[in-house]
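The structure displayed is predicted, hence computed values, not measured ones.
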Amino acid sequence: MEAEDVPGAVGTDPGAPDADVPARPSRPVRRRPNRWKVLFVGLFVAGVLGTATWVLLGSRLLVVRHIDVTGERLVSREEVLAAARVRLGEPLARLDTGVVRDRVETVQAVETAHVERRWPTTVRIVVRERTPIVVAQRGNRYLQIDRYGVTVVTSAARPRGLPVIDVANPTQSDPALRAGLSVVQGLPSWLGRQVVGVDVPSTEAVSLRLADGVTVVWGAAERGPEKLRLLHGLLGASPRRGVQTIDVSSPEVVTTK
């Protein structure tokens with residue numbers, strides 16, 4: 001007898017689940033976020049940020065209490081502080097170091113400045129002063145001038161160790177001054193330490209006066225390396241008696257007198 005004819009036999013019930021079809025996985029139940037927990041976390045974060053902001057900007061914990069100045073020699077510490085205008089008690093985080101740097105660099109003797117915060121309470125200002133390389137006399141005053149033609153210091157007494165430059169107009173815009181400074185700046189130490197004076201009646205007629213009385217007619221500022229090679233041989237020659245002038249203005253034709 002066929003199984004399908006037997007009552008109670010297992011057959012194909014159209015309403016029964018198919019044994020060959022895998023059961024669908026149940027979806028995880030999504031839990032709604034706990035509003036109180038979200039609120040608590042938000043308040044906590046806001047509190048931390050607010051406290052940090054207050055400590056940085058509003059409290060007395062991180063404010064300027066000390067100002068260190070280094071590198072000053074020609075200018076005084078008081079001059080640097082007056083130009084910087086940093087207030088004691090100012091929140092360190094609010095300090096604009098770039099603005100302070102620009103203020104300090106307005107001091108005539110300062111070439112560059114660096115300003116930094118030193119947590120928790122210190123501002124450090126490092127100045128690099130201009131270096132005079134010549135001195136010019138104007139009336140009864142002596143102007144110490146750097147390589148850019150800027151007057152660094154003015155004094156009543158002539159400073160030692162700097163050659164005196166003789167130009168009609170010792171100002172930064174004067175072409176003759178710039179020509180003389182270009183020559184002096186390019187001199188090696190073996191020659192530079194012998195120079196006591198620089199005469200510049202025009203940009204094409206620079207002359208160097210040496211400590212032993214010899215005058216070097218340099219001419220224009222150009223072709224410096226060639227002129228230095230010639231001078232090294234001529235000034236190193238021994239003996240050099242009777243030589244008062246060495247003309248290297250045209251390196252092709254060198255003359256001595």
Side-chain angles (χ1 to χ4, degrees), residues 71-75 108-111 127-257:
E72 80 282 10
R73 184 178 57 87
L74 298 175
V75 295
Q108 193 162 329
V110 175
E111 184 169 329
V127 298
R128 178 186 175 190
E129 296 181 332
R130 297 182 182 275
T131 303
I133 61 173
V134 297
V135 58
Q137 186 172 3
R138 174 176 280 181
N140 58 354
R141 307 290 291 177
Y142 290 91
L143 315 178
Q144 298 183 42
I145 301 172
D146 76 347
R147 56 181 174 167
Y148 301 110
V150 176
T151 298
V152 181
V153 179
T154 302
S155 60
R158 175 185 169 182
R160 295 181 178 181
L162 293 177
V164 177
I165 190 166
D166 186 5
V167 291
N169 183 28
T171 61
Q172 193 173 6
S173 60
D174 182 36
L177 176 64
R178 293 200 301 268
L181 292 173
S182 176
V183 173
V184 172
Q185 187 181 353
L187 297 179
S189 58
W190 64 265
L191 180 57
R193 59 174 172 259
Q194 300 182 55
V195 178
V196 296
V198 184
D199 299 323
V200 195
S202 72
T203 58
E204 304 296 318
V206 180
S207 294
L208 308 176
R209 289 181 278 114
L210 307 186
D212 61 1
V214 174
T215 297
V216 175
V217 180
W218 189 275
E222 291 79 13
R223 304 180 67 178
E226 298 175 63
K227 297 173 183 180
L228 287 172
R229 282 195 297 270
L230 294 170
L231 283 172
H232 191 271
L234 291 170
L235 294 175
S238 182
R240 207 171 64 228
R241 296 175 183 176
V243 175
Q244 296 297 315
T245 304
I246 301 175
D247 190 338
V248 293
S249 57
S250 296
E252 293 83 2
V253 182
V254 179
T255 60
T256 60
K257 298 180 183 177

Thr171 and Leu177 have their tightest heavy-atom pair at O-CD2, 3.1 Å
Nearest heavy-atom approach of Val195 to Pro163 is O-CB, 3.7 Å
Check whether any side-chain N or O of Glu72 sits under 3.5 Å from a backbone N or O of Leu74 as a donor-acceptor pair, and report yes or no.
-> no
d(Thr215 OG1, Asp247 CG) to nearest 0.5 Å is 11.0 Å
Residue set satisfying side chain to side chain contact (heavy atoms under 4.5 Å, CB included) with Arg141, at least two apart, ordered chain then number -> Thr154, Ala156
Those residues at least two apart in sequence (or on a different chain) that pass side-chain hydrogen bond (donor to acceptor under 3.5 Å, both in side chains) with Arg147 are Glu111
- Using a 4.5 Å cut-off on heavy atoms from C-beta on, say whether the side chain of Val152 contacts that of Glu129. no
All heavy atoms of Arg130 vs all of Val110, minimum pair found to be NE-O, 3.8 Å
For Pro170, the side chain to side chain contact (heavy atoms under 4.5 Å, CB included) test, sequence neighbours excluded, returns Ala136, Arg138, Leu143, Ile145, Val167
Salt bridge (charged side-chain N to carboxylate O under 4.0 Å, His left out) pairs touching residues 223-235, sequence neighbours excluded, are Arg223-Glu226, Arg223-Glu252
Between Gln144 and the options Thr151, Thr131, Ile133, Leu162, the side chain to side chain contact (heavy atoms under 4.5 Å, CB included) test singles out Leu162
Rounding to 0.5 Å, atoms CZ (Arg193) and CG (Leu187) come to a distance of 12.0 Å
Exercise for review: Output, in order, the C-alpha distance, side-chain angles, deciding distance and verdict of side chain to side chain contact (heavy atoms under 4.5 Å, CB included) for Leu208 and Val198.
Suggested key: CA-CA 5 Å; Leu208 308 176; Val198 184; 4.1 Å; yes
Between Val75 and Ala109, the two heavy atoms sitting closest are CG1-CB, 3.3 Å
Given side chains that start at C-beta, do those of Leu210 and Leu235 come closer than 4.5 Å, heavy atoms only?
yes
Tightest non-hydrogen contact, residues Thr203 and Ala176, listed as CG2-N, 3.8 Å
Residue pairs passing the ring-ring contact (aromatic ring centres under 6.0 Å, His included) test with at least one member in residues 145-198, sequence neighbours excluded, are Trp190-His232
Closest non-hydrogen contact found for Ala179 with Ala221 is O-CB, 4.2 Å
Separation between CH2 (Trp218) and CG (Leu228), nearest 0.5 Å, reads 4.0 Å
Sorted by chain and residue number, the side chain to side chain contact (heavy atoms under 4.5 Å, CB included) partners of Ala205 (sequence neighbours excluded) come out as Pro201, Ser202
Output for pair (Leu181 CG, Asp174 CG), nearest 0.5 Å, gives 9.5 Å
Per side chain to side chain contact (heavy atoms under 4.5 Å, CB included), Ile246 is matched among Leu231, Leu230, Thr255 by Leu231
